[in-house]
Amino acid sequence: MDTNTSDKILIEQSLSGNKKALEDLIKKHQDWIYNVAITFVGDKDEAADLTQEILIKIVTKLGSFKQKSTFKTWVYRILKNHFLNMKRGKYETNTTFEQFGQGLDQLPNESLSNYSYEVEDKLLVKEAKISCMKGMLLCLDREQRMVFIIGELFEFTDTIGSAIMEITKENFRIKLHRAKKQLYNFMDNKCGLVNKNNPCRCARKTAGFIKMGFVDPVNLHFQKNTITSINKVIDKKIETYKNQVLSEYQKLYQEHPFLQSPDKLKSIKKLLSSKTIKETFNFD
């Protein structure tokens, strides 16, 4: 049974008063929503709250889903509208790429061997790398970030991407191209992960990231509860890249962990027990 068919069955059962079907539908899409959220805002707690807010919207609007698109496209459109219009997140400071680069330059190069942490150095460096790369994404405006996440990170086609963003396919491709160009040009001129001529190295900046609070040496926010990596859960597009460097940067982002959403299901179950939802879905 494919995803669309199983979604359709769960939706029909939910709207017929099957509470478990609605819980299963939520669980099925919860991790995807959380991983988009944490990439969008760069903070695990904000991402968990956003995931819950989106799930509540999905549940309360489920009866309005007309199946003119896939359920996943409908969910992402709700997510997009919520993310583009929500209040500014903790790390959404309108930082430009130039300012972000200056911040990295001003961060002293230090060796982790000068410090003693319970977590292995290589895990701390990986956490710093992920944190820094997610920070770079925050230099894109919200629309660019959303287009990048769905079009480049999760590789949705321009047909699906344009439906989510509610723009033409051509416009989606243009916006995606611009977002990639801005981000990858910055990385190619500043980051040493691909372009080894650049002096910036994650291992030298990790201690500074810990001091500034961007890396928690006790709780690794971007690696805890890892299910797999992003590149293992996406449906890969077959595409020939004119610029191989660009695909190297995409590969780096797709190597980020795909995380399990924190268990907010208790809150969802509480919602499902509310009078409004019971009446909407005819739950006992």
Side-chain angles (χ1 to χ4, degrees), residues 3-4 7-8 11 29 31-42 46-47 50-51 53-58 60-89 91-97 133-187 230-231 233-243 246-247 249-250 253-254 256:
T3 300
N4 294 335
D7 279 341
K8 186 178 179 182
I11 292 164
H29 294 277
D31 291 332
W32 279 90
I33 295 167
Y34 178 71
N35 280 275
V36 174
I38 199 169
T39 306
F40 194 85
V41 297
E46 280 186 21
L50 285 171
T51 300
E53 290 166 14
I54 296 297
L55 291 173
I56 289 170
K57 282 192 173 183
I58 290 167
T60 54
K61 292 174 183 278
L62 190 61
S64 67
F65 175 55
K66 304 302 181 187
Q67 301 191 17
K68 292 179 180 177
S69 65
T70 65
F71 181 67
K72 195 170 185 178
T73 299
W74 183 78
V75 165
Y76 272 77
R77 196 178 296 136
I78 290 175
L79 183 152
K80 178 265 298 183
N81 288 330
H82 189 81
F83 284 8
L84 295 190
N85 295 295
M86 67 186 185
K87 67 178 182 180
R88 184 182 295 178
Y91 294 125
E92 289 188 297
T93 56
N94 291 329
T95 301
T96 65
F97 281 109
M133 290 177 68
K134 290 195 188 299
M136 292 175 197
L137 279 179
L138 290 168
C139 296
L140 297 170
D141 66 37
R142 281 183 168 182
E143 185 185 48
Q144 285 180 311
R145 216 181 312 151
M146 193 71 212
V147 167
F148 178 87
I149 290 169
I150 61 178
E152 180 77 343
L153 188 61
F154 290 112
E155 292 199 30
F156 286 15
T157 64
D158 56 1
T159 301
I160 297 172
S162 61
I164 292 168
M165 298 305 295
E166 298 176 278
I167 56 179
T168 65
K169 287 195 286 186
E170 182 183 9
N171 205 358
F172 179 80
R173 289 194 298 269
I174 290 169
K175 288 178 184 292
L176 178 58
H177 174 75
R178 286 175 181 166
K180 286 161 58 176
K181 187 176 180 181
Q182 275 189 263
L183 176 63
Y184 296 160
N185 278 353
F186 170 78
M187 294 181 76
I230 289 172
N231 56 18
V233 297
I234 58 177
D235 296 322
K236 296 289 288 183
K237 286 187 298 190
I238 300 172
E239 186 174 329
T240 303
Y241 288 89
K242 293 177 183 176
N243 188 339
L246 293 193
S247 65
Y249 288 119
Q250 180 192 37
Y253 271 98
Q254 290 183 338
H256 285 192

Is there side-chain contact between Lys180 and Tyr249, with at least one heavy-atom pair below 4.5 Å? no
Closest heavy-atom pair, Leu183 versus Leu137, reported as atoms and distance to 0.1 Å, is CD2-CD2, 3.7 Å
Ignoring hydrogens, what is the shortest heavy-atom contact between Leu140 and Gln182? Give both atom names and the distance. CD2-CB, 4.2 Å
What heavy-atom pair brings Arg77 and Ala163 nearest, and what distance separates the two atoms? NE-O, 2.9 Å
For Lys8, is there any backbone N or O sitting under 3.5 Å from a side-chain donor or acceptor partner on Gln67? no
Nearest heavy-atom neighbours spanning Leu153 and Ile230: O-CG2, 3.8 Å
Assign the ring pair His29 / Phe71 to parallel, tilted or perpendicular, where the plane angle (0 to 90°) is split at 30° and 60°. perpendicular
Pairwise side-chain contact, Phe148 with Thr39, heavy-atom cut-off 4.5 Å (strictly under): no
Can you label the angle between the Tyr184 ring and the Tyr253 ring as parallel, tilted or perpendicular, going by 30° and 60°? tilted
Would you mind reporting whether Asn35 and His256 have side-chain heavy atoms less than 4.5 Å apart? no
With a 4.5 Å limit on heavy-atom distance, are the side chains of Met165 and Ile150 in contact? yes
Taking C-beta and beyond as the side chain, do Thr70 and Asp7 meet within less than 4.5 Å on heavy atoms? no
Evaluate the criterion side chain to side chain contact (heavy atoms under 4.5 Å, CB included) for residue pair Val36 and Phe83; output intermediate values, then yes/no. CA-CA 10 Å; Val36 174; Phe83 284 8; 4.0 Å; yes
Within this structure, what is the CE-CE distance for the pair Met136 and Met187, rounded to the nearest 0.5 Å? 4.5 Å
Using the salt bridge (Lys or Arg N to Asp or Glu O under 4.0 Å) criterion, which residues pair with Glu92? Sequence neighbours excluded. Arg142, Arg145
Quick check: do Ile78 and Ile58 have side-chain heavy atoms less than 4.5 Å from each other? yes
Here the gap from Leu50 atom CG to Leu55 atom CG, rounded to the nearest 0.5 Å, amounts to 11.0 Å
To the nearest 0.5 Å, how far apart are CD1 in Ile160 and OG in Ser162? 9.0 Å
Output for pair (Lys68 NZ, Trp74 CH2), nearest 0.5 Å, gives 13.5 Å
How far does OG1 of Thr157 sit from CZ of Arg173, to the nearest 0.5 angstrom? 10.5 Å
Given Phe172, Tyr76, Trp32, the one that forms ring-ring contact (aromatic ring centres under 6.0 Å, His included) with Phe156: Tyr76
Closest approach of Asp158 to Lys169 (non-hydrogen atoms, all atoms of both residues): O-CG, 3.6 Å
Taking the side chain as everything from C-beta on, heavy atoms only, tell me whether Val147 gets closer than 4.5 Å to Arg178. no
Using every non-hydrogen atom in the two residues, find where Ala47 and Val41 come nearest and quote the distance to one decimal. N-CG2, 4.0 Å
Would Lys80 and Glu166 satisfy side chain to side chain contact (heavy atoms under 4.5 Å, CB included), going step by step from the backbone distance to the final call? CA-CA 10 Å; Lys80 178 265 298 183; Glu166 298 176 278; 2.6 Å; yes
Test item: Lys175 and Asn171 side chains (from C-beta on) under 4.5 Å apart, heavy atoms: yes
Please report the interatomic distance CG(Asn94) to CG(Leu138), rounded to the nearest 0.5 Å. 10.5 Å
